[in-house]
Every structure is written in structure tokens, then in C-alpha cells.
Amino acid sequence: MNFHVLTLFPEMIEQGIHNSITGRALDRNLISVHAINMRDFSENRYGQVDDYPYGGGAGMVIQPGPVYRSYESIVKTLEYKPRVVYLTPQGKVFDQSMAEEFSKEKDIVFLCGHYEGIDERVLDMIVTDHVSIGDYVLTGGELPAMVMMDAISRLVPGVLNNDLSAEFESFYDNLLEYPQYTRPAEFMGMEVPEILLSGNHQNVDRWRREQSLKRTYQRRPDMLETAHLSREDLLYLESLREKKENPD
């Protein structure tokens, strides 16, 4: 998986991604990250890439030229047009299914905006996906790009020491992850659930499934609408609803 980031702050990407799991993945050549400074493609001797918006208004807008030329430098190197993700609050909200979709790409370009945005013409020319990480406004697209690269990288084979970790953590089957415990078995009067000490893997698996269902029902009930549920799951959820409606 090769990530290409069009940005005005390449050092932010380079410093942020060379840590923890993504850092180790870079060292093992399982992923690559190329931060391209759009200022390098300015035709202004001062490296200026922004200008006042037509029609007036507050703030500045990134010009189309530096964006397009920096994108073309990637296309020339790859010899094909890769998927281009523009990080914007106006985009579709990023989720695990989107991470899985992007993880199947060989190359992804992240376009990081700043100021009041980017000239619409170049967005129409090169962007394939408009993506947001939430309904709020950030200073630029660098942090969202790093969030997405982290989530996508975890799905690249070999990045996690245990590939099952990517499969069974939060949002697997569109359910939240079950609670986790480790040593000691008793901490400040609170004990690990006895079933996890039983050694009965079938019972443990069912307990974990029920805990995922319960946690999703309590914290993110909206996710149940698209979750992959068995008949047994549905019966368990019905029992939770009955307990909620009839607590006694």
C-alpha cells in the first residue's frame, strides 16, 4: 500500500506517521508514505499557493495550478491515475467499511486542504472521493489523512503481528468490540469474568459475541441496522430490549 499526500505541511505527515504500528510497517516496507509539498509546484518565486476568492469573502483559497501540477507528478511516476481522496467536512464520513475498501488499492492520494478550501475546478478534475472524519472543522487535512492512513494500514496483510486483530477488533461485523481483560485476575476488588478463565473456547466466543451485541445496543444502536446478525443474535438483542422495558 502506497500513500501519497498532497500537503502544505509535509513535515507534519512525516513526523506523525513514523510511529507505533505504522512506523514499523514503514520500516518493513509493507506501506510507504510520500508527502508532496504543493508549494514546490508554485509558479510564484515565494512559493505562494493561495489567493483571494473571486466574489469576495473572508480567507484565502488554494489555487488550482499547484494542486494539479503536484498531482500530475504522482501520475507521471505511477503511470496511471490513482484514487484521490479530498479531506473535507463536506465528504462522506469515514468508517471501517470505507477503510476496507481503500485497503484494496495499490496507491491512494490524499489531498489536504487549508485556508478556505481549494479552487473547485481542480477538485472536479482530479478528486474521486470526498471524505470527512467527522462533523467538525479542522485547520487542515493532514490530521484526517493520518487517521485514515492508520486505519487503512491496519488492514494491509502483515502490518499487525496477529492478522486476526484487524478482523476481530471494533466494528467487525459492524459491532463494537467486546471488553478485554488481562492479569491480574482481581484488581481493586474487581474480578475478570469467570467464563474467560474457564478454558471453554466455545462459551468464551459466545460470551464475547453477546458482549459485542450488548455494547453496540447500549452505545451505538444505529450500527445494528447494518450489522450481520444471526437468529441467535436477534434473540439475544430482543432479551436486552425486554430487560430495558421491564427492568424488574
Side-chain angles (χ1 to χ4, degrees), residues 1-14 16-18 22 25-26 28-44 47-51 53-54 60-133 138 140-159 166:
M1 167 62 68
N2 305 299
F3 299 114
H4 311 266
V5 186
L6 302 181
T7 174
L8 299 179
F9 300 94
E11 66 281 357
M12 187 173 179
I13 299 295
E14 292 164 354
I17 209 70
H18 283 81
T22 51
L26 284 167
R28 295 165 59 196
N29 294 320
L30 296 173
I31 64 171
S32 68
V33 179
H34 308 280
I36 296 95
N37 191 340
M38 291 187 289
R39 295 187 192 278
D40 293 341
F41 296 86
S42 170
E43 294 181 334
N44 183 295
Q48 181 179 347
V49 296
D50 60 330
D51 210 331
Y54 280 121
M60 306 289 278
V61 176
I62 296 178
Q63 298 169 306
V67 177
Y68 187 79
R69 288 189 289 273
S70 56
Y71 161 76
E72 278 290 287
S73 72
I74 297 173
V75 172
K76 184 177 180 180
T77 300
L78 299 180
E79 298 184 337
Y80 82 99
K81 294 182 178 180
R83 203 162 178 175
V84 178
V85 178
Y86 178 42
L87 291 314
T88 169
Q90 299 181 22
K92 183 178 179 182
V93 177
F94 183 65
D95 59 17
Q96 189 67 15
S97 63
M98 198 182 296
E100 292 171 2
E101 178 187 343
F102 285 134
S103 72
K104 297 177 174 63
E105 301 289 334
K106 181 180 179 182
D107 296 272
I108 297 178
V109 177
F110 293 101
L111 174 57
C112 303
H114 265 274
Y115 313 122
E116 294 304 309
I118 297 175
D119 188 296
E120 192 71 17
R121 292 167 295 182
V122 74
L123 299 180
D124 291 341
M125 293 172 69
I126 71 171
V127 171
T128 59
D129 302 87
H130 293 73
V131 181
S132 167
I133 63 166
L138 296 171
E142 285 76 17
L143 289 175
M146 286 190 282
V147 166
M148 290 185 62
M149 286 190 285
D150 187 288
I152 295 167
S153 295
R154 297 174 65 84
L155 300 171
V156 174
V159 168

Novice: Answer whether the closest heavy-atom distance between the side chains of V67 and I126 falls below 4.5 Å.
Specialist: yes
Novice: I would like to know whether I17 and L26 meet side-chain contact (heavy atoms from CB on, under 4.5 Å); could you show each step before the answer?
Specialist: CA-CA 9 Å; I17 209 70; L26 284 167; 3.8 Å; yes
Novice: Report the C-alpha separation of F3 and M148 in whole Å, then their side-chain angles, then the decisive distance to 0.1 Å, and conclude whether the side-chain contact (heavy atoms from CB on, under 4.5 Å) test is met.
Specialist: CA-CA 10 Å; F3 299 114; M148 290 185 62; over 6 Å; no
Novice: Quick one: CG on L8 to CD on E142, what's the gap to the nearest 0.5 Å?
Specialist: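 Taking CG in L8 and CD in E142, the distance rounds to 7.0 Å.
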Novice: Hey, are the side chains of F41 and I36 touching, using non-hydrogen atoms and a 4.5 Å cut-off?
Specialist: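 Yes, at least one pair of side-chain atoms sits under 4.5 Å.
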Novice: For L6 and I74: C-alpha separation, side-chain torsions, deciding distance, then whether side-chain contact (heavy atoms from CB on, under 4.5 Å) applies.
Specialist: CA-CA 10 Å; L6 302 181; I74 297 173; 3.6 Å; yes
Novice: Who are the ring-ring contact (aromatic ring centres under 6.0 Å, His included) partners of F9, not counting sequence neighbours?
Specialist: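 Only H114 meet the ring-ring contact (aromatic ring centres under 6.0 Å, His included) criterion with F9.
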Novice: Would you say that D124 contacts E120 through its side chain, given a criterion of any heavy-atom pair below 4.5 Å between the two side chains?
Specialist: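 Yes - at least one pair of side-chain heavy atoms lies under 4.5 Å apart.
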Novice: Taking all non-hydrogen atoms of both residues into account, name the closest pair between Y115 and M60 and its distance.
Specialist: CB-O, 3.0 Å
Novice: How many angstroms lie between atom CD of E43 and atom CD of Q63, to the nearest 0.5 angstrom?
Specialist: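 Going from the CD atom of E43 to the CD atom of Q63 covers 9.0 Å.
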Novice: Any idea which heavy atoms bring I13 and V33 closest together, and the distance?
Specialist: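 Between these two residues, the closest heavy atoms are CG2-CG1, 3.8 Å.
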Novice: Distance check, rounded to the nearest 0.5 Å: T7 atom OG1 versus E14 atom CD?
Specialist: 9.5 Å
Novice: Would you say H4 and I108 make side-chain contact, with heavy atoms under 4.5 Å?
Specialist: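 H4 does not reach I108 side chain to side chain.
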Novice: Kindly indicate, with the supporting measurements, whether the criterion side-chain contact (heavy atoms from CB on, under 4.5 Å) is fulfilled by M38 and L111.
Specialist: CA-CA 10 Å; M38 291 187 289; L111 174 57; 4.0 Å; yes
Novice: Quick one: closest heavy-atom pair of M98 and V93, and the distance?
Specialist: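 What the structure gives for the nearest pair is CE-O, 3.4 Å.
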Novice: If I compare all heavy atoms of V75 with all of P82, which pair ends up nearest, and what's the gap?
Specialist: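 Heavy-atom minimum between the residues: CG2-CD, 4.2 Å.
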Novice: Going by side chain to side chain contact (heavy atoms under 4.5 Å, CB included), name the residues that satisfy it together with D129, two or more places apart in sequence or in a different chain.
Specialist: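 Residues passing side chain to side chain contact (heavy atoms under 4.5 Å, CB included) with D129: R83, V85, F102, V131.
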Novice: Is it true that atom OH of Y54 has more than 12 heavy atoms of other residues, nucleotides or ligands lying nearer than 6.0 Å?
Specialist: no
Novice: Rounded to the nearest 0.5 Å, how far does CG of L155 lie from CD of E101?
Specialist: 12.0 Å
Novice: Does the side chain of Q48 pick up a donor-acceptor pair with the side chain of S42 at under 3.5 Å?
Specialist: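 Short answer, no.
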Novice: For the NZ atom of K106 and the CE atom of M1, what is their distance to the nearest 0.5 Å?
Specialist: 11.0 Å
Novice: Of all the heavy-atom pairs spanning V61 and D119, show the shortest one and how long it is.
Specialist: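 Nearest pair, atom of V61 first, then D119: CG1-N, 3.6 Å.
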Novice: Determine whether V5 and C112 make a side-chain contact, defined as any pair of heavy atoms from C-beta on separated by less than 4.5 Å.
Specialist: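 Yes, their side chains come closer than 4.5 Å.
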Novice: Distance from L78 atom CG to N2 atom CG, nearest 0.5 Å?
Specialist: 7.5 Å
Novice: For the residue pair G113 and I118, what are the closest heavy atoms and their distance?
Specialist: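 Where G113 meets I118 most closely, the heavy atoms are CA-CD1, 3.9 Å.
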